There are 2 protein chains.
Amino acid sequence: MKRSTRCDYSLRAVLELSFHYEKKLVRVSDLSDAQDIPLKFLEQIMLQLKKSGYVRSKKGPNGGYSLTKAPGDIFLGEIIRLVDDRLFAPVLSEPMNRLTTLDAARDNFFGVWAEVEDAMASVLDSISLADIQKRQAEVLSKKKLNMVYHI
Amino acid sequence: MKRSTRCDYSLRAVLELSFHYEKKLVRVSDLSDAQDIPLKFLEQIMLQLKKSGYVRSKKGPNGGYSLTKAPGDIFLGEIIRLVDDRLFAPVLSEPMNRLTTLDAARDNFFGVWAEVEDAMASVLDSISLADIQKRQAEVLSKKKLNMVYHI
DNA sequence: ATATAATATACTAAAATAGTATGAAATATA
DNA sequence: TATATTTCATACTATTTTAGTATATTATAT
């Protein structure tokens, strides 16, 4: 059970955008540089983010992307579901239809997977981009502290 | 984030073995039939399970596999970690060495992934094979009830 | 007009995963 | 002791998924 690089890239791109929230638009090439993400791959991701309304865009010179919501209102779970479809999916993505519910009896682990997904959701749906920013700030201040001790 | 079929197969194989705990050995071919798992694929999985001590085996006629521990003492998380390495791994599996911890500051999401893995662990390390058996029994009894109502 | 930057789509490459094939080693039983 | 049965070991192939690239179009600021 691995997360995809696409998932990592998406989150990092959106986080990078959040650093520039309420400022001017950010070019894909800048996001790509800042977060070390292959440009053309990121372009595709940005289109997907736009299609589902997380970012807006402007073409041409001084164009770029920006978030449509405040960093405090975008949660990691949303982005991951957008990009990866589910937080925790079965191998061949069975839609949650009647047939699979009937088959659930045969699948002895059916309920377990749901519990796992819920557990993941309880983490990922409670952490916003703003929270990540805060955490990052804390890590950095701790680092400074360490440096003082090490002088 | 998908679970692998190998993970599903492993759990189902071990569960099937748990149904025969304290009885005679079970052949791989029987496990394969009962759980509808490709035989040669399952053989490989069984070897891995043996190597790490979850099952014992006997070759030749009347040979087969059996669990080394009681179903109540084998938890899903153990099996999954064995088969998939981690409950929730990064894309390119970085070992948890000093370098990655230093890089953690750069990776703004580092802590998040750890939290997610913990959340998954709290589910998967608390459910044993015996628990799955119990759940299964409950599902079946509910089904019977439904059938009565439907007459 | 021109340069810039997003949009769209199709393609290729690489990696991971799933599954198969072949044969050797051990052992029960006749 | 011969035979059938079963695990053990390893190497291989095929499939699918994921990652990444290429090319060309559309919109817009200057």
Side-chain angles (χ1 to χ4, degrees), chain A residues 1-13 17 20 24-33 35-68 80 83-86 89-94, chain B residues 1-13 17 20 24-33 35-68 80 83-86 89-94:
Chain A
M1 319 200 181
K2 301 186 187 128
R3 57 176 193 279
S4 59
T5 60
R6 187 183 179 92
C7 165
D8 278 15
Y9 288 169
S10 306
L11 288 173
R12 279 157 52 198
L17 272 185
H20 303 279
K24 64 181 182 307
L25 300 173
V26 186
R27 281 184 300 241
V28 181
S29 60
D30 288 336
L31 294 176
S32 162
D33 288 348
Q35 289 288 332
D36 197 28
I37 300 170
L39 177 64
K40 302 301 282 179
F41 197 5
L42 184 53
E43 280 184 350
Q44 292 184 99
I45 292 172
M46 295 313 293
L47 289 194
Q48 187 179 15
L49 287 170
K50 176 172 189 193
K51 218 173 247 173
S52 46
Y54 283 98
V55 300
R56 71 172 68 85
S57 68
K58 209 174 120 191
K59 288 181 179 178
N62 306 323
Y65 285 94
S66 66
L67 291 181
T68 54
I80 295 173
V83 163
D84 277 358
D85 215 62
R86 299 260 303 262
V91 222
L92 23 128
S93 54
E94 320 149 358
Chain B
M1 319 197 181
K2 301 187 188 127
R3 58 177 192 277
S4 59
T5 61
R6 188 183 177 91
C7 164
D8 277 15
Y9 288 168
S10 307
L11 289 174
R12 280 158 52 198
L17 272 185
H20 303 278
K24 64 180 182 309
L25 301 173
V26 185
R27 281 184 300 241
V28 181
S29 60
D30 288 336
L31 294 175
S32 162
D33 288 347
Q35 290 288 332
D36 197 27
I37 299 169
L39 176 64
K40 300 303 282 180
F41 197 3
L42 185 53
E43 278 183 353
Q44 291 184 102
I45 292 171
M46 295 314 294
L47 288 193
Q48 188 179 15
L49 288 170
K50 174 167 190 195
K51 218 173 246 172
S52 47
Y54 284 99
V55 300
R56 72 172 66 86
S57 68
K58 209 175 120 191
K59 287 183 183 177
N62 306 323
Y65 285 95
S66 65
L67 291 181
T68 54
I80 296 173
V83 163
D84 278 357
D85 215 62
R86 299 261 302 263
V91 223
L92 22 128
S93 53
E94 320 148 358

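If you're wondering where the values come from, they're calculated on a predicted model, not measured in any experiment. Just so it is clear: chains get the letters A, B, ... in the order the sequence lines come, proteins before strands, and each one is counted from 1.
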Between Asp84(A) and Arg3(A), is there a salt bridge with N-O shorter than 4.0 Å?
no
Would you mind reading off the distance between Leu39(A) atom CG and dT7(C) atom P, rounded to a whole angstrom?
13 Å
In whole angstroms, the gap separating C1' of dA21(C) from CZ of Phe41(B) amounts to 15 Å
Does Leu25(B) reach the side chain of Asn62(B), with side-chain heavy atoms less than 4.5 Å apart?
no
Quickly work out the Arg3(B) CZ to dT17(C) P distance and round it to whole Å.
15 Å
5' precedence on DNA chain C between Met1(A) and Val26(A) (nearest-nucleotide basis)
Val26(A)
Does dA5(C) have OP1 or OP2 sitting under 4.0 Å from an N or O in the side chain of Tyr65(A)?
no
Take atom NZ of Lys59(B) and atom P of dT6(D), then tell me their distance rounded to the nearest Å.
14 Å
Between dG19(C), dA21(C), dT4(C), which nucleotide has the shortest distance from any of its atoms to the side chain of Pro38(B)?
dG19(C)
Name the closest nucleotide to the Val28(A) side chain, picking from dA19(D), dA6(C), dA18(C).
dA6(C)
Within residues 50-58 of chain B, residues whose heavy atoms come under 4.0 Å of DNA chain C:
Lys58(B)
Residue Lys40(A), side-chain heavy atoms: nucleotide from dA29(D), dA9(D), dT7(C) that is nearest
dT7(C)
Evaluate the side-chain proximity of Phe41(B) to Arg6(B): yes if any heavy-atom separation is below 4.5 Å, no if none is.
yes
Using whole Å, what does the distance between atom P of nucleotide dA22(D) and atom CD of Gln44(A) come to?
13 Å
If the cut-off is 4.0 Å, is Tyr9(A) near the phosphate of dA19(D), judged by side-chain N/O to OP1 or OP2?
no
With rounding to the nearest 0.5 Å, note down the distance linking CD1 in Ile45(B) to SG in Cys7(B).
9.5 Å
Between dA19(D) atom P and Lys2(A) atom NZ, what is the distance in whole Å?
11 Å
Phosphate-side-chain proximity, Arg27(A) and dA5(C), N/O vs OP1/OP2 below 4.0 Å:
yes
Does Glu43(A) contact dT9(C) through a side-chain donor or acceptor facing the base, at a distance under 3.5 Å?
no
Separation of Lys2(B) NZ from Ser4(A) OG (nearest 0.5 Å):
9.0 Å
Distance from Met1(B) atom CE to Ile80(A) atom CD1, nearest 0.5 Å?
4.0 Å
Side-chain N or O of Asn62(B) less than 4.0 angstrom from OP1 or OP2 on dT29(C)?
yes
Atom CD1 of Ile45(A) and atom C1' of dA6(C) are separated, to the nearest Å, by 15 Å
If you define the side chain from C-beta out and look only at heavy atoms, does anything of His20(A) sit under 4.5 Å from Asp30(A)?
no
Asp30(A) CG - dA6(C) C1' separation (whole Å)
14 Å
